[in-house]
Structure formats: structure tokens, C-alpha cells
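Numbers restart at 1 for each chain; the letters A, B, ... are given by sequence-line order, proteins then strands.
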Amino acid sequence: MPKTAKQWPFRAISLSRALSRSCSTTTATSAVPPPPPSFPLKHVTRSNFESALADLRSVVRAADFVAIDLEMTGVTSSPWRESFEFDRFDVRYLKVKDSAEKFAVVQFGVCPFRWDSQSLSFIAHPSVSLLFTCFFAFLILRHNFFVFPRQELLVDGSSYEFLCQTTSIDFLAKYQFDFNACINGGISYLSRVQEDEAVTRLNLLYEDCQLGSRHSLKEVRDTPLVSMTDVFFSERMKIRLGEWHDALLRDRNLGSPIKRTLNDSNQPFQTIFFKMRPALALNGFTSHQLKLIQSVSKKHFKDLAYICMNGEGSSSQHLVVYTDSEHDKDLLMKEVKDEHRKGEEMKIKNTIGFRHVIDLLSSEQKLIVGHNCFLDVAHIYSKFFGPLPSTAEKFVTSVNKYFPQIIDTKVLLNANDILQLRMKRSSTSLSSAFSSLCPQIALGSQRSDLFFQSRVKVEVQVDDTRSSIWSSGAKHEAGYDAFMTGCIFAQACSHLGIDFKVFSPTEHLANSEKLQKHMNLLYLSWTNGDTIDLSTGHRTAGILSSSNLKKRYPKILFENIVLVWGFPSKLKAMEIKECVCKVFGPTSVTSIYHLDETAVFVQFGSAELVSEFLVLKETLERNDNAISVLHPLSKLLEGGNTHAADYGTYKEICSSPISKVLFADQAEAVGIKWKTKLVESEVEVRTQDHECSHKQSTVNSDSDSIQKNRRKIDYAIRSSGHDINDSIYDTEIKQISAANL
Amino acid sequence: MVSLRPLLQRRLLSTTASKNPHNHRNCNNNRIRSQKWAIKQVTKSNFSDSVEELKNHISSSDFVAVSLRKTGSFSAPWHRVSPFDAPETAYFKAKYAAERFQILQFAVCPFSIRADKLIAHPYNFHLFPRDELRTGMPSYSFSCQTSHLMSMAREGLDFNTCIYDGISYLSRAQETAAKVRTGNPQRASHVIESTSTPSVADSVFIERIKSRVKHWKNACKNSGTSVDDVLLISMRKLLLGSENYGSRPSMTIDVCSERQVQLVLEMLQGFFDELVPLIIPAKGGGTQAVRVVLTISKEDKDLLESELRDLEEEQTKKVRGFREVIDLISASQKPVVSHNSLNDFTFIHSKFLAPLPSNMDEFKSSLRSVFGHVLDVNHLMREIGSLGKVSSIPAAISYLRNRFFLPTNVEVPQQVMSTEDKILGTRVVWLCQLFTKLCSILKIDLNAVRFGNDSQLVSYANIFNACFTNSQESTDGDIRVWSNSRKKVSSKDLIFLWGFRNGITAGMLKSMLQGSHEVFSEEFNVRLVDKSSAIVVFWQPGLSETFLDAMKSFELSEPLREMVSEGLRASGYEIYMKACSLHLRETNLADSLEKALVCHDSETAPGIKPSEIQWSEMMIDFDNL
């Protein structure tokens, strides 16, 4: 398909953004770089959602796989919730859960890929939707669907609330994210659970109420006539209604149509027909006056029904309807009620919004491709299905039901040696993987040298525009990221030996043997390389971490870990280690890890030391005497606010929905009142024995402990050199893990 | 200062601006929204210029009005301040919101009244808590409520402007922390002559450093005269540890303690006139090293020192950001006018001063040290009886317009070129207007009155009652008479009920309660607080205790036992206090009360003694519940 590149306007900004470093060399060598076509990818907002959804349906149906990517308003609600080496599986899940629950999705990129056997290339349909959740968790999403919560259904007084991480918002701003478009045009959405809840609430409402109008769903309280004006007004209304009522009866008896003399729309009373019954439309009254009319008609006219019909927008029509009998009145009320209900149901249906896209992906059972997408999947689950389950296992089972096949390109790239070789072991971040695996697309080059021949061709189609070379520009725009992910996946498949040319349309790509061992494997934590299998719930510890840092780091044994927080803020990891080693011996502490400036993990050489440490701490704090003050640990306990507990407590604190910036504040907010949590479970009994004997020893043998201390101090001095290295190493790791995020 | 040209423009502008109010007042009374004033929109790009202008305007004005637009207000229905809230619980609620949400727009309007003319200088600052220093400050994250974002969007707020170009800031407390963290060299403060005699180690240290400095200095001086080749220069640099600070040579002396810092500074002062010491702070606080910069002459030294001062000033400015405006207002000691001061000033305190203290009294005193006089328009409205229930500014203005003849001529002598239809920050001008009108109704003369002399206005200052019906300061005698349903009730006569069926109405609950216990044969009222809980008021003192005691005992009457078996719980006001102070996070008041009750029971101490509850007398207007 020959493409005249000229016809596309040359957009300097987007070009420079997309090509970045890699481009600079190319431009230098080739004198005339052909400007790649840069038609924008499809932007979906509320205004074009309906049509975009219809297009997407057909495209997804035909697709071989669908790449997705999400942009959120934040990742971690507090620094200590960031991803650490010291995260156990369950803790990691809790952190992801917290993130998915608190932050909003603002952009949803969907990019279906279809193999075209005629052009021997993949056709990609990148699109991005803006989402905006409105009030009370009724959210709005877009196709690069701008996702933003907006209130379409206000069920109770609470308003939908989401968190923004300042750095993430700044990051989005750096990539020219349009916040106005998101807030004004974002598509709303409703999760399945929310929809069910709304329907149930609606049903309850209609079962409970006897009256038809939504306004009168509230208990009609007899408005007390407090002022003389009200009394006069009510009396006048009673007369008016009476006249009208009598006139109706008279006319009917005479068999003649109702006099139309009053029918001027400027009149406060306008006779119309409502559901085959004569009715009075009430115009131009205040809500207080309407209330009075309502109570008058209720009190004095058995065959008049007061009805409020909700019209378009906020306008509503108030009517007094004449009914033949009590039975007829009930019938009318029921009719009105049903109509209201249908209207409400429609409203709920309309609020589903972006979830239609998710439902589509789920019902078509397409292969979903994402890049490091565990968090993305968690967001999708919490926003479009329902509240996240409490454990990773339950979560994984439910996800697998909705999306039976998910492939994570980051897992794929790291797990396969051929791919590692191809990528020359470069970083597996999305953009660098894209430029090393798909240079022909990344560079937007039309060169047809041998080098590029082995590459999978990808053509981009947006609406009716198609091109084999394309650069939309915006990196970190969900639509383009999804596109890059899809390209990486297609290329990776080709390297793995999947030949698309012999690929029959009946054969699903997902069933390919070569992909099976990567299927449904997601990084639970990229920091330590732990993966989880969505189909089995089986977890694998991180063996494939590419960084050799891993090997130097001692193995993490969670039962050997003590969590210490609230110690004097000037204490450094090195000093804490020194302090503990003085008491428990030079080899007792394997490593120290700073959670934040107020908390550390201390990993001991054995689980026994954990309980010994906790018991000792408790004892020292209880006996406030000279020994306690002179004890080497007192440095750690200074200030009297030092808390210590086992790893389980960390999990407990992580599971709390509260998020304070500092860990020590968090622990306090969670409501931890004790200072030391002695080790629970099976060790408990033993601990108590220990405690007793220990107490005795501290009380009785002063000289002994002093001697012990001296020995430990000696050691501390000798080994301090090693400690310093260790602490430098710690910060190094922190930096690296931060960079990976 | 004013040249002819701006004067001309100003006239043109002011006629357009001040002409309108006349017309509006005469022609269409109710459409105050259509008034347009020139409000200066301030972002990062024009911040420093605007601050200079604002500074002059503040010093020439009598009052400063402030109005804030935030990303949210209350997260759950029961978090809204209610008439039954004591000042303390209202503070807890305001504190909770101030800590979660963010200010996006901060309108400041210095104004004065001159000959029945309101002269206002409105500014609308766009804020965003950008982490300029990469230190996780001013805020790690913040919450947004879509309802608030949408309403700001309707007003025409450009969120991109706000986020891309919003002005950042640091609170006073954060600034102190930031100085340490940025690690920028600081000028050495004045050397304190140490009294202690130097130890041997000290003198060895001093001698060593002294000879090093001497050596380095001589080398620098020599190299200045002779022309060396590049290799030699770099060799020398390496050997002597010489660096450059700007264009001047410098060297770094590593220190291990603050004591050594003092020693080095003393030594330098004593022996080397042409050296300027700089202190390089360590990451975790304290000092990492002393850097010595060599100057050629006395003049050069003065030059360097003034350069350093400027640099420091610039850095603090950058760090402070928008807080400069707060500091300006504070320094001017002008009375600050606000609407709903408790909400606004908890935000101001937590964002620009320091984390909010744990109780209302500390908050008040902390705030008072920064803002001497805070005038709450809401409170002034309360003083005018019939306005007690009007809570929004536009509503109050149109109410006054309909009832009083109060010609207020608003003049905004500002030059702002604005072509936009929607002008942000108009509320602050309304606020000035409303304040002026209220004062004239209350017979407070604002014409050129210095605040300190006007004791009448002082009596209205610094009252942070969020709730417009809860005014315990006023003595019984002058309780407003406009509302018949207004009765005085002690917090002791309030109880909270929860654990009843969802969807129940207050009326149903009341009829269920009647006949369930003898106390309910007397007059009492029931209102739902949110869908999960209700408040009961006993109009006769002492009955609440009887009821609560009855709930604790096993001898319950049959209907009540039935209700309790179904899950009904009850508690006194002290549990509500506790719920507000500790468990605001819950969306349902019932959950929060339940938690507070558990805590309360588990504590052996009797908790808050009735004597500690100074707020026990309160006003309840049941129509507002």
C-alpha cells in the first residue's frame, strides 16, 4: 500500500517526542527524513462514545489480540506503600489493591490487532478514551477513553472521591495530558456490582412506595399552614380545583368536551389530557405553593391525583389528574410509577458507559496483551467489575473468569532467552523494548533493507485512514502505549517462531504452544520479580530478575523479620544494626531495610532471635531502671515511642484503607496502641518461657550483661566498616527500585 | 507613581466596572452573577509581578478578603457540620477535610471603604502542590471529589492552567525541613565564641586545617601570577582539593561534628580575612562540610557576601512560592475577611503554616499568632437575625438587596485585559460587598477606621463557629428571636441512635420509640443524621441518662428489648465527640459510633468527664437539622 507521506501535516512536537534519542542519529545520516504520517489516534470522549463503541465492536470481533494500557491519577498513596524487595506476595497484593481502590483511571487505551493475510501485516486500531468518574463511584470512561467519574446517578448524598498523587499528575502534565478534556468530556462508567446495587436500590424504592412520582416518594408530610398567606392560598386553590373538578363532571354529564377557554399556556392552570384522563398542568408555582396544592388535592379531592413527571433535564411537570374511581387512581399511579421506574432503569443503563468496552473484551474472550499489567488488571477489576477481593488468590480466580487469556509482554521479554538476546539485554521498559524490538515502527522509517525485513509489519488504521508507518507522537498516552505493547507482542511472537503467514484464522494465536508457558503470567511485583499465574493462582518467586543486585542481597525470610518504627528520627540503618548486634551478636542481623524515615525492617539470622528481640524490648521498657538506660538497645528505644512487631503486623497495617505519609503516623492512625507485639502463633508458648527466664537474667546478673555488652561493643567497632558498606548498598537498592517504578 | 496612561485606562475600566452595579441594582436586582469585575488571574508566569502589586495594595487597604476553591469538602453526609456540632467536633470535621483536599484557587482581595465606595483589588491565584524540590512536599497526594471538580469546570476553571502553571508552595514547617534536604550551601551564621578550652585533639585538628588552608591559599595566589599549563593546574587541583565556587577558587573541608564546624569557622575568622566560609548541610540534618571561598579584596568579599544573600533570598522565594502571599497578609496585620472561616482557615493553616493541632484551642492560638483578626461574614450574618439561615454569598447579597437599601459602589481600579466570558474568583468581590453591606446594617462605620480602634468590629473577630446556628458566645438575653423552634439544649440531653432498619424515616423511628420506654412519654424530637443513625433530643433534662442507663441494664421493656435485639444501639454525646476525633474515616456515622463505643468501653478511665465539656450548652434549631 503506497503511502504519500506528504499528505500528513508534519507535526514537529509529536515527531520529536516520538523519536527522541533514537532519531538523532538517523536524521544526521539520511539527508531527507520522510516525515512519518502523524494522524492522531482515535480520541474518544463522551460526545463520540456511542459511535466509537460501535466501531470497536466490529474491530474487536475480528482481532487476534487486543493490547491495553491505562493511565491513572497515581500509583502509591504513601511512600511506604511503594514496591519493596521486602514485600511478601500477600503484602504486594494489598499494595496493588490499595492503589486500585484509591486512584482513578483517566485514560484507557485499547488497540486491537488483526492479522491481514493479504498485506501480510498486522492492522492496529489504536484508540484512547478519557474517563471521568462522577459522583458516588459512577464513573465515566473513553476508547483512548478519557475515563473520569461523573455523576449521572446521584443515589445518596455522598460524592465520588478519588486520590491524586502529586507526582503522577505532574507526570501526566509533562506528557501534555489534557485535564480539561478529561473532566468535561470523560466517559462515565459503572461497575457490574454498582449496577446491581443501583437496580436493587431502585427496586426497593419502588416496592416501598405507594405513590407514583419521584418527588412524592418521600413521605408527604402535611405542610402546616404557618402563615396567613398560606391559608388564603390553600383556600383559593381548593376553590379553583373544586371549580375545575365540578366543571369536568358537569361537562361529562352533558357529554360535551371540556371547555378550552382556560387553555392558554401562560395560565397557571392548563387543562390537558394525561394518559387518557383530563388533567390540570400547574405552571409557574413555587415549590412551596406546589406542596400546598398537593396537600389540598390530597385532603379534599378523593378522585384527584397529584403527579410529578420528570421531564428532560431538571424540569419537571406537575399535574393534578382526574380519575374515575379509587381503582382508576391506583391504576394511574401504577402506570406512572412504572414509567418512572423504566426511566430510572434507562438512566442506570446509560451510566454503564465505558464498561461496555470491558464487557466487550470479556465476552469476546480475546487475548489481552499488556505491559507489566497487574496493576492495570486490578484497576479494571475494581472499576468495572466490583470491589477487589481480599486476597490475591481470590482475585486471580475472578479475573480468570472474565479474561481467560492475558499475556504480559514484560514477563514474556524477561522469560525468554531468545528475546533477551534480540533485545541485546537492554531494559524491558515499554519504550526501550519498543525501540529495540520494533525499530522500523519506532523510527517511522520506510527503509526496506534486509535488517528490517525480518520485522513484523504493522499498519495503523484510524477510522478510514491507514498507514504502514505511523507515529502518533505521544508517549505515555494510553492509546499509544497500548499500540507499542501490541507491536512488541507481535514482534516477540515472530521471534519465538510463530509464523503468522501460515496462521489460519480458525487457529487462535492464544492457543499457540509457544505462548502457553507465558500465558496468564503476570508480575506481582517487578521489584523482586515475583510472578503469579492467573489461571492457577500459582506464584513463583523472582528467579528471573535481570539485575545481579539480587544475588548479592541475602535471601529474605519473612519469619526472621522484625518491623521497628517510631525510633528517634536521626537513627540510620547502620546505627540500628550496630545497636542490635551489640546485644544479639555480630551475626545476628542479616540486613536492615529502611521502609521510610520512621520505620525499618530488621532481618535476623533466625526466627528465635525475632522473639528474643521482641521480648527483650518489652522487658526493657517495662523495667525503667538503670539497666534499661544503660542497655545498648536504649539508643533504639530513646524517646519512648519505638514500636516493634513481626512481619504480620506490616501486612495488617498495609490492609488498612488509611494512608498517612509516614509509617509511624500510619501505625498510630490504624490504632496500634501496644508498643511491642510478641510473636504469636506456635512460638508463643515458647516465648513466654523465654520471657520469664530472660527477665530473671536481666534482673539478676548485671555483671554478666555488662560483660556481654562490652564484647558486643568491641565487635561493633571492628565490624563498623562492613556496616557502612551495607548501608550504602541499601540506599543503592532503594534508588534502583525507585527507578524501576 | 501613576503615569497618565494607566490612569486613563483605569478610568475607562473603572467606569465600565462601576457603571454596571448601578444598572444592575436599578434594573435587574437578582442577576448579580452577570456583574464583571477585573480580577487578576495569577499563575506561575506572572506571580512575582503580581505579588509586588498585591503588596502595595495590601498596605494601602484596610481589609483583606480571602476565598478558597478546593477539590472537595466532606466525604460522607455526616461529615457536614450540623447544628448539633460543638465547636470541637466541627473543628475535627474541618481538620479532616483540610488534611485530605487541596486548594486549587486562592482569591485574595485587599479592599477599603472610602466615602461609601468599596475599592477592591481582587486577585485569583491558581495553585498546584507541585513537588518542585523532589522531596515529597508540599503534599504527597490529595483527594478530589468529582462534584467539586465539575463545579469548578462549570465556573470555567482551566485545569490545565492550574496543573501546568499553578503556583506551588511550602508551609512554614515544610520550609524548615526543605532547607536541610536540598543541601544547598548556606552562609555561615555568626560564630559563637566557644567558652570551652580546646582539647588536644581540637588543636591538632585546627592546626592541620590551618596549614592546609594556608597552603591552598598560597598556591591559589601564586597560580594567579604565573601562567601554568593545563596539566599542572589540574594536578594542583587534585593535590590541594581546590575547586571553584563561581569564578572564585574554593576548597572543601570535611568535618565530623558540629564542634569541628565551630572550630573551623573560628579559625578562619581569626586568621584569614579574605576567606568566606559556606556550610554544606548533610542530608539527614547537621553539617557535612565547610567550603571556603577565596576572595581577592575586601570589596570582593562584600560582593560575594551580597551575592550569597541574594541567592539565598531567591531560593527561599522559590521554595515559599504562594506562601509569600500568606506571609504578606500576615505581616500587614490587616483584618482578614472570610466566609466560613473555620473551613478556610483550617485549610490555610495546614497548607501554609503547619500541620493542624489536635484540638480547637491550640488551633485558635496558633492561628491568632499569624492572623490577628479574622472576620467571618457568616458570623456577621448571624447577628442580623433574619439572615441566619442563608449560607451562600450570592443568596445573602440578593436577600439584603431585597430588604435593605444599601447602595454599595464597587470599584475595581485594576488593569486586567480579559476577554474570557467567565471570570474566576468573583466570589471574593461578592464577599467584600457582602461584608460592607453587613457592616452598614450593623452600624459599623468602615470609612477609614483603623481596626484597632474600632472595638465594635473587634468583638466580631476570631469566631470560628462553623455552624450558623450554634452560637454559644451570645448571652441568653440576646438570643435571636426570628425562629420559634429555636430552643436551647444541653449536649447532655442529646443521644445518638443507630442500628435500626435501613430506609427508616425519622417519623417511623419516633413512633417506634414512643411507648418503648417511659422517657419517651415526655416531649422529644428525632432527626436522622445520615441513613444509618439518628439524633434524639430530650427537651427535659436528665432523661437521656435514664434512657442510656436503661439501655445498659437487662431489664428492658418488651418493645425496647425487641428493638435492641434487632440491633438498636444508643450513646451519649461524648461518644459522638470521640467518633469525630478518631473515626472520621467511616462513611456511616453508625460504624464510627460503634468503633468509638468499643474504644470507650475498653478504656478503664471514664473518658471525658462532663466537667470537661465546656460546650455543653448549645443551640439547636431543629428546622435546620
Exercise for review: Tell me, out of A:I658, A:V661, A:L172, who's got the most heavy-atom pairs with chain B below 4.5 Å.
Suggested key: A:I658

Practice item. Indicate yes or no: at least one non-hydrogen side-chain atom of B:F128 is less than 4.5 angstrom from one of A:D170. Key: yes

**Study point:** Side chain, backbone, both or neither of B:L582 within contact of chain A (heavy atoms, under 4.5 Å)
**Key:** neither

Practice item. Taking all heavy atoms of B:S141 and all of A:S77, pick out the closest pair and write down the distance. Key: OG-O, 3.8 Å

**Study point:** Rounded distance [0.5 Å steps], CG in B:L149 versus SG in A:C182
**Key:** 9.5 Å

Practice item. Answer whether the closest heavy-atom distance between the side chains of B:F159 and A:D178 falls below 4.5 Å. Key: no

Practice item. Taking atom NZ of A:K660 as the centre, report whether more than 12 heavy atoms of other residues, nucleotides or ligands fall under 6.0 Å from it. Key: no

Review point. Which one of B:S143, B:S73, B:G72 has the most heavy-atom pairs closer than 4.5 Å to chain A?
Key: B:S143

Review point. Can you find a heavy atom in the side chain of A:F162 that is under 4.5 Å from one in the side chain of B:T146?
Key: yes

Review point. Quick one: does B:F142's side chain get under 4.5 Å of A:T166's, heavy atoms only?
Key: yes

Study note, to complete from the structure: Tightest non-hydrogen contact, residues B:Y140 and A:Q165, listed as OH-NE2, 3.2 Å

Review point. Are the side chain of A:N180 and the backbone of B:D158 linked by a donor-acceptor contact shorter than 3.5 Å?
Key: no

Check your understanding: Should we count CD of A:E668 as having more than 12 external heavy atoms under 6.0 Å?
Key -> no

Check your understanding: Is any side-chain heavy atom of A:F177 less than 4.5 Å from a side-chain heavy atom of B:N160?
Key -> no

Point to revise | Rounded distance [0.5 Å steps], CG in A:N184 versus CZ in B:R154 | key: 10.0 Å

**Study point:** Neighbour count above 12 (heavy atom, 6.0 Å) for B:K510 NZ
**Key:** yes

**Study point:** Residue pair B:F74 / A:E161, side-chain heavy-atom distance below 4.5 Å
**Key:** no

Practice item. Just give me the residue among B:P138, B:P129, B:S139, B:C144 that pairs up with chain A most often, heavy atom to heavy atom, under 4.5 Å. Key: B:C144

